[in-house]
Amino acid sequence: MTKAILAVILVPALASAADRKPQKTVVLIHGAFADGSSWDKVIPLLEARGLRVVAVQNPLTSLADDAASVKRVIDAQSGPVILVGHSWGGTVITEVGGDDKVAALAAFAPDVGESTADLGKDGPPPPGATSIRPDPAGYLYLTPEGVAKDFAQDLPATQTRVMAVTQGPILGKAFDEKVTKAAWQNKPSWFIVAEKDRMIQPALERAMAKKINASTTTLPTSYVPMQSRPKDVAAVILAATEHGIQVSK
C-alpha cells in the first residue's frame with residue numbers, strides 16, 4: 001500500500017520537473033561608492049517571487065574588470081538572466097549585456113564609444129560631485145557628509161554612517177573608459193528616474209531613458225532608490241522578468 005501511494009505522488013512530481021522552465025536569475029550590479037549589499041532590501045522581495053538572485057561584487061578597478069565579474073556570473077546560470085545595474089553598474093551591463101542568456105536590462109547606459117564621464121559633460125554637474133574626493137592611488141570616495149546629504153539623503157543617519165564606512169571606492173579613470181558594446185540597442189530595457197538624485201542629474205536620467213526607449217518609472221528618491229523604496233524597485237525588476245521574450249539557453 002505504501003509503494004502504491006509513493007508511485008501516485010512521485011510520477012506527477014517527475015513529470016512536473018521535466019516540464020519546468022529554466023529558472024530566471026536576476027543579477028544585481030552595484031554602482032560606485034557601494035557594494036553588493038546595497039541591494040539587501042530588494043533581494044528578499046525578489047526571492048519571495050521564486051527568482052534566483054545573485055548580487056555581484058565588482059572590484060571597481062576598471063570597466064573591463066567589472067564586466068568580467070558580471071560575465072562570470074552570467075556564464076554560471078543555466079536559464080535566462082535579467083541584468084540590473086545601479087549607476088556605474090548600468091555602464092557595466094551596457095558592455096556585457098549582449099550575452100544570449102540575457103533577457104532584459106534595467107539600468108542607465110552610455111552608447112558605443114561613450115564613457116560614463118561623457119554622459120553628463122554637456123550639463124551642470126550634480127550637487128554631489130563636490131563630495132567626491134580622490135585618494136593617493138587615484139580611487140574616488142565620498143565624504144561621510146556627502147553620503148548623508150547627496151548620496152542617500154532620504155535614509156536615516158544611522159544607515160548613512162554605515163554606508164560611508166563600507167563604501168566601495170572606484171578607480172577614477174574607470175569613468176573615462178569607453179564602452180565597446182551597447183546591449184540596450186537590442187535588449188528590452190527598464191529605467192528608474194530618481195527625482196531627488198544629487199549624484200546624477202534627474203534631467204540626464206530622463207534623457208537617457210528616452211534615448212534607450214526604456215519602460216520608465218519615476219520615483220521621488222535619492223540616488224539609492226533600492227534602499228529608500230525597495231518595493232517600488234523590486235516591482236520594476238519583476239516587470240522586466242515577466243517580459244515574454246525568448247532567449248538562448
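Residue indices begin at 1 and follow the sequence shown. Below, each value reflects all heavy atoms present in this structure, side chains not excepted, and no hydrogens, waters or symmetry copies.
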Can you name the side chain to side chain donor-acceptor pair (under 3.5 Å) partners of S222, sequence neighbours left out?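 S222: side chain to side chain donor-acceptor pair (under 3.5 Å) contacts with D154.
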
W39 and H86: side-chain contact (heavy atoms from CB on, under 4.5 Å), yes or no, with the steps? CA-CA 10 Å; W39 299 100; H86 175 237; 3.7 Å; yes

With V147, which of L155, V224, T160, V162 fulfils side-chain contact (heavy atoms from CB on, under 4.5 Å)?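 Of L155, V224, T160, V162, side-chain contact (heavy atoms from CB on, under 4.5 Å) with V147 is met by T160 alone.
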
State whether the side chain of [X] and the backbone N or O of [Y] hold a donor-acceptor pair below 3.5 Å, judged by distance alone.
| X | Y | result |
| --- | --- | --- |
| K101 | Q77 | yes |
| T216 | A214 | yes |
| D111 | E114 | no |
| E145 | S131 | no |
| E47 | P44 | no |
| D197 | Q201 | no |
| K187 | V102 | yes |
| Q153 | K196 | yes |
| R52 | Q23 | no |

Please tell me whether [X] and [Y] have a donor and an acceptor in their side chains that are separated by less than 3.5 angstrom.
| X | Y | value |
| --- | --- | --- |
| T221 | S228 | no |
| D66 | W88 | yes |
| E95 | T180 | yes |

Do V179 and T116 pass the side-chain contact (heavy atoms from CB on, under 4.5 Å) test, and can you show the C-alpha distance, the side-chain angles, and the key distance before you say yes or no? CA-CA 9 Å; V179 301; T116 302; over 6 Å; no

Counting only pairs under 3.5 Å, give me each side-chain donor-acceptor contact of residues 27-36, with atom names and distances, residues two or more places apart or in other chains.
| from | atom 1 | to | atom 2 | distance (Å) |
| --- | --- | --- | --- | --- |
| H30 | ND1 | A34 | O | 3.4 |
| H30 | NE2 | N58 | N | 2.9 |
| D35 | OD1 | S37 | N | 3.0 |
| D35 | OD1 | S37 | OG | 2.5 |

Around atom [atom1] of [X], are there more than 12 heavy atoms of other residues, nucleotides or ligands at under 6.0 Å?
| X | atom1 | result |
| --- | --- | --- |
| K41 | NZ | yes |
| K210 | NZ | no |
| D65 | CG | yes |
| K173 | NZ | no |

Let me check something: do L171 and Y141 share a hydrophobic cluster, defined by ILVMFWY side-chain heavy atoms less than 4.5 Å apart, either directly or through other members?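 Looking at the clustering, Y141 is in a separate group from L171.
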
